[in-house]
Amino acid sequence: MYGLLDCNNFYASCERVFNPSLNGEPVVVLSNNDGCVISRSNEAKALGIPMGEPAYKLKELLEKVDVHIFSSNYVLYGDMSHRVMGMLTEMVPEIEIYSIDEAFLMLDGITGVETFGRKMVRKIYKGTGIPVSLGVAPTKTLAKAANRFAKKYPGYKGVCIIDTEDKREKALKLLSVGDIWGIGRRLTKRLNYYGINTAWDFTQRTKSWVRHNMGVTGERTWLELQGKPCLEMYKSLSNKTICTSRSFGERLTDINPISEAVSNFAAMCGEKLRRQHSYATSMLIFLQTNPNATLQPQYYNQQLVQLPAPTNDSAELIHYARLVLCNIYKDCYQYKKAGVIVQDIVPERPLQTCLFDNRDRIKFEKVMETIDNVNARYGRHHLKMASQGFDRKWKLKNEKLSPSYTTSLKDILKISAK
DNA sequence: TCTGGGGTCCTAGGACCC
DNA sequence: TCTGGGGTCCTAGGACCC
């Protein structure tokens, strides 16, 4: 049996852990740059605030109701996620971390799954302050569905199990196609056109029809819903690509601040690579105007560079990122966003080097190690490359950032006795 | 009139996920 | 005026090879 454990309203719940006065209140967390809504407490959902709503559209509502708004604090969420995943690892034989707030669990060999699940949900809440829900079923796709029910109906008390044919049929009949894991907006529209509205309707189609209309991925989903596992536990190796990109806080035309931003993105990719002990073989830089500003002249360009040898050296990544940026940059546009993607990622050792490479890689490895050590101790960006700059004209908006309660000594919660 | 068949690799784009 | 960021997988089509 597979389990899917998901943190409820994760970002909003993280904000509550260290600020209990938010309990019972509507809480909303905004995306980077304070752009749109990406997490809502149940109270905020009840007010009808949709997911993805642009922040400026909330203004009117905010004048009437007191909604607590936060900029996203990924340092806090990342640390809280780490705590939850750590507890899970100790409780089950195998876990696959699927996203910042979700993990698949291998539950084979565990007897009394329901009691076990309830205990797990209670334990995580007690240990981290984060409320979670668990879905259990013979396949991952069904476990996802079970998780939805666990969240939706309070009667389940956080744990829903699909372990008989009756329960499977009942669940599929209650699940609309669009809510199936792997069926997005486009496919939903197409399926609805064919009169398929529930997951049950979908499973009643023949395998060949599904294959023909939805390809191999659709076929896998179809089989999974029948209770035949096609998706296994995925051993969390390192990522295949790493991307660092941001929208700028203001429109940028001049190349200098953009170059500064791109240097920072490249350096951040380097940090992420070193943290997972791997090297990238190629790198892609992209630059774009604001696609939502339809009246403005639009421009998008990207370029791929093959690096002379696999690397995770920030200085080297910055060097090539800046070169490429000069190629794709054109003046006369108002830029909104840029990004650096490193790919073809290989493990740190054994390393295939290039015969004609004359960079002193041993030396730069030590430099990076030193920089990482200093920054671990004195804070991110304490020590950096000059090209990363100090202006941060490109920096994002996050006016409502909560403190880094768990990762910064100066932000640690103070409790005073009255 | 009439022009093959089989393969690889790469890239772009689409669709999905959180 | 104002709409995020970071991933995965699959497929079609072009370029190239013999």
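Throughout, a chain's letter reflects where its sequence line sits, starting with A, and its residues are numbered from 1. Values in this document were obtained by computation on a predicted structure and should not be read as measured data.
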Check: Can we say Glu102(A) and Lys140(A) salt-bridge, meaning some charged N sits less than 4.0 Å from an Asp/Glu carboxylate O?
Finding: no

Next item on the list: Determine the contact category for Ile100(A): base if any of its heavy atoms lies under 4.0 Å from a base atom, sugar-phosphate if only primed atoms, P, OP1 or OP2 are that close, otherwise nothing.
Entry: nothing

Check: Considering only side-chain heavy atoms of Tyr98(A), which listed nucleotide, dT3(C), dG5(C), dC17(B), is closest?
Finding: dC17(B)

Notebook entry, point to check: Should Lys336(A) be listed as having a side-chain N or O under 4.0 Å from OP1 or OP2 of dT3(C)?
Noted result: yes

Check: On the ring face of Tyr335(A), is Arg251(A) found with NZ or CZ under 6.0 Å from the centre and within 45° of the axis?
Finding: no

Next item on the list: Could you tell me which nucleotide pairs with dA12(C) by Watson-Crick or G-U wobble geometry, both distances under 3.5 Å, or answer none if nothing does?
Entry: dT11(B)

Next item on the list: Could you tell me whether the phosphate oxygens of dA15(B), OP1 or OP2, come under 4.0 Å of any side-chain nitrogen or oxygen in Thr217(A)?
Entry: no

Item checked: Closest to the Val216(A) side chain, choosing from dT3(C), dG6(C), dC10(C) -> dC10(C)

Notebook entry, point to check: Is the closest side-chain donor-acceptor distance between Asn192(A) and Asn197(A) under 3.5 Å?
Noted result: yes

Checklist line | Residue whose closest nucleotide on DNA chain C lies nearer the 5' end, Arg246(A) versus Tyr56(A) | finding: Tyr56(A)

Check: Should the ring pair Phe104(A) and Tyr98(A) be called parallel, tilted or perpendicular, given that the plane angle runs from 0 to 90° and is split at 30 and 60?
Finding: perpendicular

Notebook entry, point to check: Heavy-atom distance under 4.5 Å between the side chains of Ile341(A) and Ile242(A), does that happen here?
Noted result: no

Check: Ile341(A) near the nucleic acid: base, sugar-phosphate alone, or nothing, with a heavy-atom cut-off under 4.0 Å?
Finding: nothing

Note to self: Taking only side-chain N and O atoms of Asn239(A), does any of them lie within less than 4.0 angstrom of OP1 or OP2 on dG6(C)?
What the structure shows: no

Margin query: Please classify the nucleic acid contact of Leu231(A) as base, sugar-phosphate, or nothing, using heavy-atom distances under 4.0 Å.
Written below: nothing

Item checked: Short side-chain N/O contact to dG4(C) OP1/OP2 from Ser245(A), under 4.0 Å -> no

Notebook entry, point to check: What's the closest nucleotide to the Cys243(A) side chain, out of dG5(C), dG7(C), dC10(C)?
Noted result: dG7(C)

Notebook entry, point to check: Atom CD of Gln296(A) and atom P of dT3(C): how far apart are they, to the nearest Å?
Noted result: 12 Å

Notebook entry, point to check: Which of the following nucleotides, dG6(C), dT8(C), dG4(C), is nearest to the side chain of Cys36(A)?
Noted result: dG4(C)

Margin query: Within the 4.0 Å heavy-atom criterion, would you say Arg251(A) contacts the bases, only the backbone, or no part of the nucleic acid?
Written below: sugar-phosphate

Note to self: It should be established whether Lys59(A) places a side-chain nitrogen or oxygen under 4.0 Å from OP1 or OP2 of nucleotide dC2(C).
What the structure shows: no

Notebook entry, point to check: Within less than 4.0 Å of OP1 or OP2 of dC9(C), is there a side-chain N or O belonging to Arg220(A)?
Noted result: no

Margin query: Would you measure the distance from the P atom in dC18(C) across to the matching atom in dT3(B) and give it in whole Å?
Written below: 24 Å

